Visitor: 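Here it is, the structure in full.
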Amino acid sequence: MIIVNLDVMLAKRKMRVSDLADKVGITLANISILKNGKAKAVRFETLDKICEVLDCQPGDILEYSRGED
């Protein structure tokens, strides 16, 4: 399973979700879906822009876990 650590990066950068949505150019609803781990997919273009805005690497946002119960 993929864990999304977008909230961690937002806290480190002291940025609000709404500010990120504006700077990335996608809706607040879509950023929230991604942040809450509910997204089924993410475009590389969107990931690229998020990393640019947050000055981070994709691995700072996305983490793989085996998801063992």
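Nothing here was measured: the structure is a model prediction, and the numbers come from that model.
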Visitor: Which residues satisfy the side-chain hydrogen bond (donor to acceptor under 3.5 Å, both in side chains) test with Asp19, sequence neighbours excluded?
Guide: Arg16

Visitor: Output every pair passing side chain to side chain donor-acceptor pair (under 3.5 Å) with a member in residues 25-35, not counting sequence neighbours, ordered by first then second residue.
Guide: Thr27-Asn30

Visitor: What is the minimum heavy-atom distance between Leu54 and Arg13, and which atoms define it?
Guide: O-NE, 2.5 Å

Visitor: Membership question, hydrophobic clusters at under 4.5 Å side-chain separation (ILVMFWY): are Val17 and Leu62 in the same one?
Guide: yes

Visitor: How would you list, by chain and number, every residue that makes a salt bridge (Lys or Arg N to Asp or Glu O under 4.0 Å) with Asp22, sequence neighbours excluded?
Guide: none

Visitor: Evaluate the side-chain contact (heavy atoms from CB on, under 4.5 Å) criterion for residues Asn5 and Asp60: first the C-alpha distance (whole Å), next the side-chain angles of each, then the deciding distance (0.1 Å), finally the verdict.
Guide: CA-CA 7 Å; Asn5 294 314; Asp60 296 327; over 6 Å; no

Visitor: Considering non-hydrogen atoms only, spot the tightest contact between Pro58 and Cys51 and give its length.
Guide: N-SG, 3.6 Å

Visitor: Please check if Leu6 and Met1 belong to a single hydrophobic cluster, counting links between Ile, Leu, Val, Met, Phe, Trp and Tyr side chain heavy atoms closer than 4.5 Å.
Guide: no

Visitor: Rounded to the nearest 0.5 Å, how far apart are CG of Leu20 and CD1 of Ile26?
Guide: 7.0 Å

Visitor: What I'd like to find out is whether the side chain of Met9 reaches to under 4.5 Å of the side chain of Ile50, using heavy atoms alone.
Guide: no

Visitor: For Glu45, what residues pass the salt bridge (Lys or Arg N to Asp or Glu O under 4.0 Å) criterion, not counting sequence neighbours?
Guide: none

Visitor: Measure across Gly37 and Val4 and return the closest heavy-atom pair with its distance rounded to 0.1 Å.
Guide: CA-CG2, 4.3 Å

Visitor: Any idea which heavy atoms bring Cys56 and Ile61 closest together, and the distance?
Guide: SG-CD1, 3.6 Å

Visitor: Mind checking salt bridge (Lys or Arg N to Asp or Glu O under 4.0 Å) for Lys49 and listing every partner two or more places apart, or none if nothing turns up?
Guide: Glu52

Visitor: Is any side-chain heavy atom of Lys23 closer than 4.5 Å to one of Met15?
Guide: yes

Visitor: Identify the heavy atoms of Val42 and Leu47 that sit nearest to each other, and give their distance.
Guide: CG2-N, 4.4 Å

Visitor: With sequence neighbours excluded, what pairs up with Lys38 under the side chain to side chain contact (heavy atoms under 4.5 Å, CB included) test?
Guide: Ile33, Asn36

Visitor: Find out if a path of hydrophobic residues (ILVMFWY) with successive side-chain heavy-atom gaps under 4.5 Å connects Leu34 to Leu28.
Guide: yes

